[in-house]
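What follows is a short report on a single structure.
Bear in mind that the values here come from a model prediction, so they are computed numbers and not experimental data.
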Amino acid sequence: MIVLSPNRYLAVLAGVLASAMVVAGCSSRIEKGENKAHDIPSTQLKQWSELHAGPYEIPERALRSYAYAAAAMGKAQPGCGLGWSTLAAIGDISSDHGSASSGIITGEGIVVPALRNLTQANPAHAKPAADTDAGKYDGNETIDVTMGPMQILPSRWEQFATDADNDGRADPDNYDDATLTAARFLCAAGGNLRNGEGWANAVSQFNRTPGFVEKVHAKAMTYGR
């Protein structure tokens, strides 16, 4: 698994790991509720993400989410070995880091407009997935469509959805929530992602489109240099 770990990252990461959420205890079915004032855990990595966003050509708010999700999973499931570079590569291939369809990321990490059923990670237009959520998460009552900056299917969201920014709700259009949800899925699917076979198995289960694994691997290698 390719993971960048410069000294500055490790210094900031130490603080994150000390207070990262225990992902294993997070609800996988958190409903949208009332917004309340809250501290956003990923803010702890803002200094690092501001420093590295330019060199990696990744929006700062997106990079912060990738790094925090990897740090949180390192705390909750150290055996997984998921690196931020894998999450960033998936975010790039899936939604251009949230910028597809003229998307923008707000300071709170919300991608607007909501990204649904993007084709850039699935140019061959795979057979539509049968509806599993009656439109509860994706707004489509006919078929399941991928959602948010990480383009997660409703069936996977239902199982792994996580409130990563502590606002009381898991939102597929919130970058922190979407990235940590994707991270939980990848660790569950692949086991030890430090192992090439485990990594490839996890990424292929995340998106079965032919060529997706190869694209993500190439991008992760670039970020991991």
- Message: For a side chain to side chain contact (heavy atoms under 4.5 Å, CB included) check, start with the C-alpha distance between F185 and Q159, then their side-chain angles and the critical distance, and finish with the verdict.
- Response: CA-CA 9 Å; F185 173 86; Q159 185 176 2; 6.0 Å; no

Roughly how far apart are [X] [atom1] and [Y] [atom2], rounded to 0.5 Å?
{"X": "Q77", "Y": "N192", "atom1": "CD", "atom2": "CG", "result": "11.5 Å"}
{"X": "D165", "Y": "T43", "atom1": "CG", "atom2": "OG1", "result": "9.0 Å"}
{"X": "D176", "Y": "D167", "atom1": "CG", "atom2": "CG", "result": "9.5 Å"}
{"X": "L87", "Y": "L186", "atom1": "CG", "atom2": "CG", "result": "6.5 Å"}
{"X": "N117", "Y": "D144", "atom1": "CG", "atom2": "CG", "result": "10.0 Å"}
{"X": "R64", "Y": "I40", "atom1": "CZ", "atom2": "CD1", "result": "7.5 Å"}

- For N195 and L193, run side chain to side chain contact (heavy atoms under 4.5 Å, CB included): C-alpha distance rounded to whole Å, both residues' side-chain angles, the deciding distance at 0.1 Å, then the answer. CA-CA 5 Å; N195 176 283; L193 271 63; over 6 Å; no

Between [X] and [Y]: side-chain donor-acceptor atoms closer than 3.5 Å:
{"X": "Y66", "Y": "Y223", "result": "no"}
{"X": "N140", "Y": "D131", "result": "no"}
{"X": "W157", "Y": "T181", "result": "no"}
{"X": "T162", "Y": "R184", "result": "yes"}

Mark yes or no for whether [X], through its side chain, and [Y], through its backbone, hold a donor-acceptor pair below 3.5 Å.
{"X": "D92", "Y": "H97", "result": "no"}
{"X": "E50", "Y": "Q47", "result": "no"}
{"X": "T86", "Y": "L82", "result": "no"}
{"X": "Q151", "Y": "L118", "result": "yes"}
{"X": "N201", "Y": "A189", "result": "yes"}
{"X": "T106", "Y": "I110", "result": "yes"}

Over all atoms of both residues, closest heavy-atom pair of [X] and [Y]:
{"X": "G98", "Y": "Y175", "result": "N-OH, 3.6 Å"}
{"X": "G83", "Y": "A70", "result": "C-CB, 4.0 Å"}
{"X": "P113", "Y": "G103", "result": "CD-CA, 4.0 Å"}
{"X": "S101", "Y": "L115", "result": "CB-CD2, 4.1 Å"}
{"X": "P172", "Y": "P149", "result": "O-CD, 3.4 Å"}
{"X": "R61", "Y": "I105", "result": "CG-CG2, 3.6 Å"}

- Heavy atoms of other groups near E197 CD, more than 12 under 6.0 Å: no

- Quick one: are Q120 and S94 in side-chain contact, heavy atoms under 4.5 Å? no

- Considering only heavy atoms from C-beta outward, does the side chain of L180 approach that of F160 to under 4.5 Å? no

- Query: Would F212 and I90 satisfy side chain to side chain contact (heavy atoms under 4.5 Å, CB included), going step by step from the backbone distance to the final call?
  - Reply: CA-CA 9 Å; F212 184 78; I90 290 174; 4.3 Å; yes

- Do I58 and I93 belong together in a cluster built from hydrophobic side chains that touch within less than 4.5 Å? yes

- Tell me whether I152 is reachable from V213 by hopping between hydrophobic residues (I, L, V, M, F, W, Y) whose side-chain heavy atoms are closer than 4.5 Å. yes

- Item | Full working for side chain to side chain contact (heavy atoms under 4.5 Å, CB included) between L63 and W84 | CA-CA 8 Å; L63 181 58; W84 73 262; 3.6 Å; yes

- May I have all residue pairs that pass disulfide bond (SG atoms under 2.5 Å apart) and include part of residues 137-198, sequence neighbours excluded? C80-C187

- Note on the structure: The single option from D138, T146, D173 that satisfies side-chain hydrogen bond (donor to acceptor under 3.5 Å, both in side chains) with R116 is D173

- Query: Between D39 and N166, is a side chain to side chain donor-acceptor pair (under 3.5 Å) present by the stated rule, with each step listed?
  - Reply: CA-CA 7 Å; D39 294 325; N166 290 348; over 6 Å; no

